[in-house]
Amino acid sequence: MAKELTTRSENYSQWYLDLVNKADLAENSAVRGCMVIKPYGYAIWEKMQAQLDRMFKETGHSNAYFPLFIPKSFFSKEAAHVEGFAKECAIVTHYRLKNDPEGKGVVVDPEAKLEEELIIRPTSETIIWNTYRNWIQSHRDLPILINQWANVVRWEMRTRLFLRTAEFLWQEGHTAHATKEEAIEETLKIINLYAEFAEQYMALPVIQGVKSENERFAGAVETYCIESLMQDGKALQSGTSHFLGQNFAKAFDVTFANKEGTLDYVWATSWGVSTRLMGALVMAHSDDNGLVLPPRLAPIQVVIVPIYKKMEELARISEKVDELIPKLKAKGISVKYDDNDNKKPGWKFAEYELKGVPVRLAMGPRDLDNGTVELARRDTLTKETVSFEGIETVVEKLLEEIQESIYNKALNFRNENIRKADTWDEFKQILEEKGGFIAAHWDGTGETEQKIKEETKATIRCIPIEQEAEAGKCIYSGKPSSGRVLFAIAY
RNA sequence: CGGGGUGUGGCGCAGUUGGUAGCGCGCGUCGUUCGGGACGACGAGGCCGCUGGUUCAAGUCCAGUCACCCCGACCA
């Protein structure tokens, strides 16, 4: 057992870190807080990207690219925005190095100080709205529906691979609209798109909701989000879509002539998901044997392992496998035939389980004689011997079944972990003993939310969009409330 | 920024009262193996994070310094 994982029950957090490392997803780099995303991890991210990109384009968005650097002055234009990001910005002050006059290495050349410092983007609203000013004169220039795939930097005090890193990869959509209604519609369209992606592709059930004022994006009028639940009962914000009102248009003086011929400020949205989704994917489905990947995002969906003693046996197996591979590929299934002679089958079985490959086929002399193949599924760790003839159809169906099955498993877990609390004691007890989401009444004030956070570490994850109005009393203050909100301890 | 911890072959670690570095994994070659992480033989690989001090002698003692990791507060 070369690669032993910490178990989830032993130490969930260590299990996560072990898994990210040992499944070759990512590792810490020479730069504090920044990760190296390794080829296998990046392959998963690329599958996410490809699908999201397709979905953005289907909904009318185009990709573009804006600079990594933002002039410092741009940040002071939107008060709430600067307030939110100022304390975690990396700043470029110089543009040149020189040989150290003292002799060793290089030093920053003091002569090369920038007139105005550049901020490495923590998010791009400012530079984009500064650009939009030049692009928009008339309602005929609207809407602008742009997305960019980029890296951003937020100098976090404490980082964790994928979940929170100083630099991360993401996409950020920035749209401009002529009317408030249209911008709100866009915000909702995207949060729905994110939910669909999470559920259909990541097999991750999410709750759509609205953020409380405390949790709202810096500069937004309203923040919509998708919230998911990890196996340890903590919540993870998995994507956000912001209705920015006219805040950025006003800050950057972006106006347009409307149909009536009068000048008005442009309405804005912005939205994003990041490599944090990788963390969500790992934590939502995986087990003590390693990753469990949903087939739709698995870089390798099927691995074929030959079992043989002599090279001539391998040749006979390879011959059969060579018949099968084109049939699987024709169905759009990604397949790897691991005929590496340096590793034994047992080693390969363990390795591909660790890497979360959804389906494994093993074929040995016994199978050659019987016209069979061993079929194993990663999510349930079960295996059976089935007929080789027509296996491609069986695999195709099985992949769909696995996709659905891990979604349902996660959904059941999530649903079992949404609990109602009607008193403060009950609230604290659930939080301490069970975790998960707690649906409770709240008086709607930031003060109450803050106090609850101070006393329990739980925050309002969202005010769910789909829920029935229900009169009640705030669990903390006892003041009247018109509906429940979801609390949880979050990542 | 608080609290804890760690820096020794690629990775994980050991190293006693100071005496000039060892184990496991991995790696290379050869042979036997191969249906759940194989075994044997031989072999390669280390300024012991960095700086200074004590000493005949420092991985080990002292002082300083740097870095990273984990836990918290802050945050996608």
Side-chain angles (χ1 to χ4, degrees), chain A residues 1-6 11-14 16-18 21-22 27-34 83-89 104 122-123 151-172 194 211 214-218 223 225-228 235-242 270-280 289-290 305-311 313-314 317 339-354 360-370 372-374 376 381 383 385 453-454 457 459 461 489-491:
Chain A
M1 296 294 249
K3 294 180 174 178
E4 196 80 34
L5 284 178
T6 303
N11 183 341
Y12 189 84
S13 162
Q14 192 57 47
Y16 171 78
L17 290 168
D18 277 4
N21 268 299
K22 290 177 179 168
E27 62 187 34
N28 281 310
S29 71
V31 183
R32 189 204 73 94
C34 296
E83 172 86 20
F85 287 102
K87 55 194 183 299
E88 52 185 36
C89 287
K104 282 189 177 174
T123 179
N151 58 341
V152 287
V153 169
R154 295 181 190 176
W155 213 264
E156 301 290 349
M157 296 186 204
R158 197 181 147 227
T159 60
R160 284 230 274 176
L161 292 171
F162 289 120
L163 295 175
R164 177 164 296 107
T165 46
E167 179 194 15
F168 56 93
L169 306 185
W170 75 346
Q171 59 68 217
E172 46 181 326
Y194 285 159
K211 286 290 185 192
N214 285 348
E215 300 278 325
R216 192 180 291 155
F217 175 76
T223 289
C225 62
I226 50 171
E227 292 285 329
S228 56
L236 184 74
Q237 178 173 307
S238 306
T240 45
S241 180
H242 316 290
S270 71
W271 29 274
V273 293
S274 71
T275 36
R276 169 179 261 199
L277 288 181
M278 292 285 294
N289 292 305
V305 177
I307 295 157
Y308 57 95
K309 292 194 199 338
K310 296 169 191 142
M311 291 315 275
E313 276 172 351
L314 175 62
I317 293 164
D339 59 354
N340 185 343
D341 192 41
N342 297 329
K343 299 280 191 275
K344 289 182 62 182
W347 190 92
K348 292 176 186 174
F349 292 171
E351 183 67 12
Y352 290 108
E353 265 161 29
L354 180 61
R360 183 184 73 230
L361 297 174
M363 188 183 256
R366 208 159 67 204
D367 297 299
L368 285 179
D369 293 344
N370 302 336
T372 55
V373 63
E374 185 187 83
L381 292 168
K383 54 189 181 183
T385 299
K453 185 179 177 181
E454 280 162 20
K457 290 178 191 160
T459 49
R461 300 322 304 153
I489 294 177
Y491 271 96

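Sequence lines set the chain letters: A, B, ... in the order given, protein chains first and strands last, and positions in each chain run from 1. Excluded from the calculations below are hydrogen atoms, water molecules and symmetry mates; all remaining heavy atoms, backbone and side chain alike, are included. The model shown is predicted, which means the values in this text are computed figures rather than measured ones.
Not a single donor-acceptor pair, N or O on each side, falls under 3.5 Å between the base of B/rG35 and the side chain of A/K348.
The backbone N or O of A/H242 sits nowhere less than 3.5 Å from a side-chain atom of A/S270 that would complete a donor-acceptor pair. Under a 3.5 Å cut-off, the side chain of A/Q237 and the backbone N or O of A/R461 do not form any donor-acceptor pair. Side-chain atoms of A/R216 do not come within 3.5 Å of backbone N or O of A/K211 as any donor-acceptor pair. At distances below 3.5 Å, not a single donor-acceptor pair connects side-chain atoms of A/D369 with backbone N or O atoms of A/R366.
B/rA57 and B/rC42 have their C1' atoms separated by 36 Å, given to the nearest Å. Across B/rG45 and B/rG10, the matching P atoms stand 12 Å from one another, rounded to whole Å. Straight-line distance between the P atoms of B/rA21 and B/rC1: roughly 40 Å, to the nearest whole Å. Taking atom C1' in both B/rA14 and B/rG7, the straight-line distance is 15 Å, to the nearest Å. Rounded to the nearest Å, the gap between the P atom of B/rU20 and that of B/rU60 is 14 Å. A gap of 37 Å separates the P atoms of B/rA41 and B/rA58, to the nearest Å. One C1' atom belongs to B/rG3, the other to B/rG37, and the distance between them is 39 Å to the nearest Å. Rounded to the nearest Å, the gap between the P atom of B/rA73 and that of B/rG2 is 16 Å.
Between A/E27 atom CD and B/rC11 atom P the separation is 10 Å, expressed in whole Å. Between the C1' atom of B/rC34 and the CG atom of A/D339 lies a distance of 14 Å, rounded to the nearest Å.
Stem regions for RNA chain B, each three or more consecutive Watson-Crick or G-U pairs with both distances under 3.5 Å and listed by first number, read B:1-7 with B:66-72, B:10-13 with B:22-25, B:27-32 with B:38-43, B:49-53 with B:61-65.
Between A/E156 and A/T165 there is no side-chain heavy-atom pair separated by less than 4.5 Å. Between A/K348 and A/R360 there is no side-chain heavy-atom pair separated by less than 4.5 Å.
Judged as a salt bridge (Lys or Arg N to Asp or Glu O under 4.0 Å), and not counting sequence neighbours, A/E167 has no contacts.
Map A/L381 and A/L163 each onto its nearest nucleotide of RNA chain B; the residue landing nearer the 5' end is A/L381. Looking at which nucleotide of RNA chain B each of A/R160 and A/E353 is closest to, the 5′-most match is held by A/E353.
Taking side-chain N and O atoms only, A/K453 has a distance below 4.0 Å to OP1 or OP2 of B/rC74. Distances shown here put a side-chain N or O of A/K344 below 4.0 Å from the OP1 or OP2 atom of B/rA38.
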Go through the steps for A/L277 and A/S238 under the test side-chain contact (heavy atoms from CB on, under 4.5 Å), then give the verdict.
CA-CA 6 Å; A/L277 288 181; A/S238 306; 4.0 Å; yes
Using atom names, set out every protein N or O paired with an N or O of nucleotides 65-69 of chain B below 3.5 Å, distance rounded to 0.1 Å.
{"from": "B/rC69", "atom 1": "OP1", "to": "A/N28", "atom 2": "OD1", "distance (Å)": "3.4"}

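Relative to the six-membered ring of A/F168, A/R276 misses at least one condition, a distance below 6.0 Å or an angle of at most 45° to the axis.
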